[in-house]
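Below: one structure, written as structure tokens.
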Amino acid sequence: MFRRRESVPFAFVAEADRFRSNVTPPPRERPGLGQIAARSLVGITVVAGLVGALLFGMPALQPQTPGGAEQSTASSEGR
């Protein structure tokens, strides 16, 4: 195959580590009280949804016991 015979200058790679810009980025805007309140409400809503799903889903994850069916028939026969 064809090979390049001239050397590839890698000086630009070495200079990239030392490069310092004289342009400073603008300061970050601080979130206002409304933004902080909105973010916290969204976070609380997400956490409450996950906790609620866990609480409602726990009975479905528990194994069914055959003793539960016998208990319900015994209570209906006693009447």
Side-chain angles (χ1 to χ4, degrees):
M1 284 193 93
F2 179 75
R3 287 193 147 183
R4 295 175 65 171
R5 296 191 186 242
E6 67 271 5
S7 63
V8 179
F10 287 105
F12 65 92
V13 176
E15 289 176 10
D17 293 335
R18 295 180 305 207
F19 179 74
R20 297 278 183 200
S21 175
N22 59 355
V23 179
T24 58
R28 295 183 64 165
E29 291 184 22
R30 300 185 93 179
L33 188 61
Q35 267 188 328
I36 292 172
R39 288 178 184 175
S40 61
L41 281 174
V42 167
I44 289 171
T45 304
V46 168
V47 170
L50 291 173
V51 170
L54 184 66
L55 288 175
F56 284 120
M58 285 301 287
L61 294 174
Q62 293 176 355
Q64 295 286 332
T65 58
E70 294 171 5
Q71 223 174 16
S72 63
T73 55
S75 64
S76 62
E77 287 177 8
R79 288 189 169 179

With a cutoff of under 4.5 Å between side-chain heavy atoms, which Ile, Leu, Val, Met, Phe, Trp and Tyr residues group with L54?
M58, L61
Which other residues end up in the same hydrophobic cluster as F56, if Ile, Leu, Val, Met, Phe, Trp and Tyr are linked when side-chain heavy atoms come under 4.5 Å apart?
none
Which heavy atom of T45 sits nearest to which heavy atom of L41, and what is that distance?
OG1-O, 2.7 Å
Among all residues two or more places apart in sequence or in another chain, which pass the side chain to side chain contact (heavy atoms under 4.5 Å, CB included) test with V51?
V47, L55
